[in-house]
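A short worksheet on the structure shown next.
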Amino acid sequence: MSRITSVQARDIRFPTSLELDGSDAVNVDPDYSAAYVTLTTSDGEQGHAFVFTCGRGNDVVVAAIQSYGRLLDGRDVDGLVGDLGAASQLLVHDSQLRWLGPEKGVSQMVCGALVNALWDLRARREGKPLWRLLSEMTPEELVSVVDFTHIRTALAPDEALEILRAGARGRSERVAELTAHGYPAYTTTPGWLGYSDEKLVRLSRQAVADGFDLIKLKVGGSLDDDRRRLRLAREAVGPDVRIAIDANQRWEVDEAIEWVNALAEFQPWWIEEPTSTDDILGHAAIRRAVAPVKVATGEAVANRIVFKQLLQAEGIDVMQIDSTRVAGVNENVANLLLAARFDTPVCPHAGGVGLCELVQHFSFFDYAAVSGTMADRAIEYVDHLHEHFVEPVRVRGGRYEAPVLPGIGAQMHPGSLDAWEFPAGEGWRRVGDRAAVHGTAARS
């Protein structure tokens, strides 16, 4: 009988703050990082996953993975991957560790990493990329992995079954379409707040030339700057390309309403994270006041319960799931089902370290077996750090190509892990004093 023999966690960081990649009004100097976990079994199998962070604090997540990992140590692998609903419950609802959340923050993200590593194990065993594995599971199997605790008032198990049974019709044709033509993408590459006007214009034009019909700009530092940057972007891409804007929770509710309406002449497609993710009623008030500009949020939503409330309160037009913020594949299946229940499009958050590689699987699965539509849907794409992954994302003509390798997409090259392990990896030794001058993680 195969058992879990090792749960290894490594602190992997990249000095992206040197070029202000990823910068916005709140995250002014992010160092894209991954608390990287590898599960190893007595048969030599491995499962890979990670939690994305912005640098400092990555060590906290690594320590938490090691602590939660003790719940899996020595357990039967067949039992864990054969009942991933129970495996998730084991981690998320541990009677003592649950106190640290419950179901939010570091504890939820760590549970998600371990759950995802188990899904990676299962997908490798079955020789399928995650999206194909999920798409080929029966509705009953999928419902069995969902934790309906505290969401039954919005989505009951029988309603989830109904959605999935409807999604099964025409599934094989949609899988074939995804394999042949992929899934729409949008890009945030031009829009980081630390970029110069020249770089913003150049990258916006390049995005359109590369086939993207939706780009995203960060806002919230200065209204005058936002108006200038949006005018430049609109002139660069023309009237027919959609431009979304993202405030990263910078504003109070009244401030968000005033600011977005002041930018309305540039026809923003959505305003993302206009205020605190936890302010359900604030999102609803903003949505009413800035229409027809859409309201989107989700990358920092802690769990399915908050998404339930955002949908019930009519606080969002667009759900943005994240692959490492919630408790893994199980909870994102729940989030997709909630979105389908409320007829709300899902445009996943990506970028960072490996978030594109992971979250693409959920949109492919959603089209194949849940919503059955790509209308007003796209996966975020940022051209950062993909070279470190065994199967980097492939985006052609503004569309994600279907992942093909077995697993969830999280596995990084051993050389990248060694080079960028913090603080002693060769990459960090090369960065040296330059990173310290810029206040990056090398100083922490």
Side-chain angles (χ1 to χ4, degrees), residues 1-7 37-49 65 68-98 101-103 107-152 155-161 163-165 167-168 303-304 323-324 326-338 358 361-362 365 369-370 406-408 410:
M1 183 168 57
S2 179
R3 296 188 178 277
I4 302 289
T5 56
S6 171
V7 180
V37 59
T38 303
L39 299 183
T40 304
T41 76
S42 56
D43 288 342
E45 296 176 292
Q46 289 190 327
H48 304 269
I65 289 171
Y68 273 83
R70 297 187 191 107
L71 295 173
L72 300 181
D73 192 41
R75 290 187 179 269
D76 170 39
V77 178
D78 290 343
L80 291 169
V81 301
D83 190 349
L84 284 158
S88 176
Q89 295 268 347
L90 168 72
L91 293 159
V92 173
H93 294 292
D94 178 82
S95 63
Q96 296 183 8
L97 288 169
R98 188 177 184 277
E103 298 192 66
S107 64
Q108 193 77 337
M109 291 189 288
V110 165
C111 289
L114 293 169
V115 168
N116 284 347
L118 291 170
W119 277 96
D120 193 56
L121 265 174
R122 176 166 171 177
R124 290 170 183 277
R125 281 186 166 189
E126 298 196 21
K128 300 171 185 175
L130 176 65
W131 74 274
R132 291 294 294 260
L133 170 62
L134 291 171
S135 299
E136 293 172 11
M137 292 171 66
T138 68
E140 291 76 15
E141 288 175 311
L142 288 165
V143 167
S144 76
V145 308
V146 172
D147 185 351
F148 289 93
T149 307
H150 303 312
I151 64 170
R152 292 174 185 270
L155 178 72
D158 60 336
E159 292 172 315
L161 272 174
I163 291 168
L164 290 165
R165 286 168 179 163
N303 53 50
R304 68 205 177 280
S323 54
T324 76
V326 299
V329 172
N330 304 49
E331 192 157 35
N332 268 325
V333 171
N335 292 334
L336 290 172
L337 288 166
L338 282 165
L358 267 63
H361 290 269
F362 294 110
F365 161 63
V370 184
I408 68 169

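In this text the structure is predicted, and so the values were computed from the model without any measurement. These values consider heavy atoms only, across backbone and side chains, with no hydrogens, waters or symmetry-generated copies.
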Find out whether [X] and [Y] are in side-chain contact, i.e. whether some heavy atom of one side chain is under 4.5 Å from a heavy atom of the other.
{"X": "N332", "Y": "V326", "answer": "yes"}
{"X": "F365", "Y": "V329", "answer": "no"}
{"X": "V37", "Y": "V110", "answer": "no"}
{"X": "W119", "Y": "N330", "answer": "yes"}

Only counting residues at least two apart or in another chain, list the ones meeting side chain to side chain contact (heavy atoms under 4.5 Å, CB included) with [X].
{"X": "D94", "value": "L71, Q96, L97"}
{"X": "T138", "value": "E140, E141"}
{"X": "H93", "value": "Q89, R98, E103, D147, T149"}
{"X": "A160", "value": "V143, F148, L155, L337"}

Measure the spacing between [atom1] of [X] and [atom2] of [Y] and express it to the nearest 0.5 Å.
{"X": "M1", "Y": "T41", "atom1": "CE", "atom2": "OG1", "answer": "12.0 Å"}
{"X": "F362", "Y": "L134", "atom1": "CZ", "atom2": "CG", "answer": "7.0 Å"}
{"X": "H48", "Y": "N116", "atom1": "NE2", "atom2": "CG", "answer": "13.0 Å"}
{"X": "S88", "Y": "E331", "atom1": "OG", "atom2": "CD", "answer": "7.5 Å"}
{"X": "C111", "Y": "I65", "atom1": "SG", "atom2": "CD1", "answer": "10.5 Å"}
{"X": "R122", "Y": "I408", "atom1": "CZ", "atom2": "CD1", "answer": "13.5 Å"}

Report summary line: So the side-chain hydrogen bond (donor to acceptor under 3.5 Å, both in side chains) pairs with at least one residue in residues 75-84 (sequence neighbours excluded) are D78-R125
Closest heavy-atom contact between [X] and [Y]?
{"X": "V7", "Y": "G69", "result": "CG2-O, 3.7 Å"}
{"X": "A410", "Y": "A49", "result": "CB-CA, 3.7 Å"}
{"X": "G407", "Y": "D120", "result": "CA-OD1, 3.1 Å"}

Report task. Sequence neighbours left out, what passes side-chain hydrogen bond (donor to acceptor under 3.5 Å, both in side chains) with T40? Give chain and number order. Result -> Q46
Query - Steps toward salt bridge (Lys or Arg N to Asp or Glu O under 4.0 Å) verdict (E136, K128) - result: CA-CA 10 Å; E136 293 172 11; K128 300 171 185 175; 2.8 Å; yes
